[in-house]
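Remarks on the structure that follows.
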Amino acid sequence: MFSHKRADFGEDFLFGAATAAYQIEGGQTDGRGSSIWDTFSTTPGNVHNSETGKFACDHYNRWPEDLDLLADGGFDAYRFSFAWPRLIPEGVGQVNQKGVDFYDRLIDGMLERGLKPFATLYHWDLPSALQDKGGWLNRDIADWFADYAVMVHKNFGDRLETTATINEPWCVAFLSHMLGVHAPGYRDIRAAARASHHVLLAHGTAINALRAEGGKNLGIVCNFEVAQGATGKPEDMGAARLWDGIFNRWYLDGLFKGKYPSDVLAHFAPHMPDDFADDMAVVSTPIDWFGVNYYTRGLYEHAPERGAFPLRKVDGPLEKTAIGWEIFPEGLEEILTRISADYTDIPLYVTENGMAEIEGTDDPRRIAYYNGHLGAVLAAQKRGADVRGYFGWSLLDNYEWAEGYDKRFGLVHVDYKTQKRTPKSSYRAFQSLLTGANRSR
Ligand SMILES: N=[N+]=NCCCCNC(=O)[C@@H]1[C@H]2[C@H](O)[C@@H](O)[C@H](O)[C@@H](CO)[C@@H]12
């Protein structure tokens, strides 16, 4: 079990678990439109075993059971995402009423169980019809996204505890347009530069549109990594600093200082949209809270042969999860205290933290991972970070993007042949922390 007490985190601190539509819903039916992950995952070579989210955890049909798992676990909140293509199949225009009905039932189901809905508008499943128009490379996406955000607000806003615009803009832009690891699978610095700006422009444009509709408790969720030099050599420390710029400071500086970091811009500048600087007031539109996703640290070395970004990640010595990420809870404390000291004093939520294993429902390593990172949250709070909540990633084993289904992050095991859910010992650890007992419905 955990070595912490619920009261240690503060009376109003919220505990939750998180998921994302494409990773759990399945349900490619009832008018849902195609997304870039449907096409990317069915393109050979992009995803382990060419696995897709076609069925995933069948959450589209099994959502009552999944909400019961959250309630039985004693969680206060549920972080979920809306599938843009399920609500607006072509991305703009016609609304799919069956999609609205699904999320109506889902959100009402949360409220009936006393679960606070923490919604994410975009968790990577862009409608294919918008990709056909350039997707994140087309500046018009800011308006497409803002119109979608307002549609969600008008249908569900009165019942949402918080709304995040974008999940992990670094993954939406750099991982997906520079590294090609995620959909739409570009490997192009010009695409990466333009997506890295348009994703934040879309965020700010949507925040302004939601404010005009009376939207409250609006934020964004970014992912962070502690970047360290593989050695103490100046060139390796420089590589880590540059990666910190690419992964962390592009978003923190853009969102909270209204200015992109010069070291990253030096590489992106020839490829940035014209007059991007004129957009920075919109990019840095004030928000009400900030979501922090944290998993691991990275060690980097100078790699002059690597073109635009002369750096390379180096395998580290620490214990690793099944997805190969080092277990480094101190990094969460560092990230939380850095953000609250250097960027903003608005409330922070740890919106994702967790680890992958390959199989099994008895997961002592995951209990130790969570215990260490919960301790990091407490340490950050003691150092002045206003951390208001913590969401484990993930409620269920689910579709781990390009890794497919082997890498299991769930507190609850899913047998994909039968869709049977089985709480793991880490779920029981949270249940004990949150309710003081191990019980199931
Ligand atoms: N270089 N490099 N680094 C790797 C950095 C990967 C960052 N990926 C995430 O944070 C994703 C986040 C996502 O929201 C969720 O949908 C994913 O399932 C989890 C687990 O993967 C995490």
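We number each residue from 1, following the sequence as shown. Indexing begins at 1, ligand by ligand and atom by atom, following the structure's order. Owing to the predicted nature of the structure, the values given are computational and were not obtained by experimental measurement. Reckoned from all heavy atoms, side chains included, excluding hydrogens, waters and symmetry mates.
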Does ligand 1 come near enough to E168 that some N or O of the ligand is less than 3.5 Å from an N or O of the residue? yes
Below the 3.5 angstrom mark, is there an N/O of W393, backbone or side chain, next to an N/O of ligand 1? yes
Ignoring angles and geometry beyond distance, decide whether W325 reaches within less than 3.5 Å of ligand 1 through its nitrogen or oxygen atoms. no
For ligand 1, is there an N or O atom under 3.5 Å from any N or O atom of W124? no
Give me the residue, atom name and distance of the protein heavy atom closest to atom 18 (O) of ligand 1. E400 OE1, 2.7 Å
In sequence, state the C-alpha distance, the side-chain angles, and the governing distance for W124 and Y22, and then conclude on side chain to side chain contact (heavy atoms under 4.5 Å, CB included). CA-CA 8 Å; W124 305 355; Y22 190 79; over 6 Å; no
Please say which of L87, L106, T163 ends up in a side-chain contact (heavy atoms from CB on, under 4.5 Å) with F156. L87
Under a 4.0 angstrom heavy-atom cut-off, which atoms of ligand 1 come close to H123? 13 (C), 14 (O), 15 (C), 16 (O)
When only distance counts, is Q23 in polar contact with ligand 1, meaning an N/O pair under 3.5 Å? yes
Using the six-membered ring of W144, assess whether NZ or CZ of K133 lies under 6.0 Å from its centre and within 45 degrees of the ring axis. yes
Look at the rings of F75 and F430 and say which category their plane angle falls in: under 30° parallel, 30 to 60° tilted, over 60° perpendicular. tilted
How about H197 and F268: are their ring centroids closer than 6.0 Å? no
What do the steps show when you test N353 against Y390 for side chain to side chain donor-acceptor pair (under 3.5 Å), and what is the final call? CA-CA 8 Å; N353 177 244; Y390 177 95; 2.5 Å; yes
If you measure every N or O of N167 against every N or O of ligand 1, does any of those distances drop under 3.5 Å? yes
Looking only at N/O atoms, are Y295 and ligand 1 under 3.5 Å apart anywhere? no
Does the side chain of N217 come under 3.5 Å of the side chain of E161 through a donor N or O and an acceptor N or O? no
Any E403 heavy atom less than 4.0 Å from ligand 1: no
Where on W243 is there a heavy atom closer than 4.0 Å to ligand 1, on the side chain, on the backbone, on both, or on neither? side chain
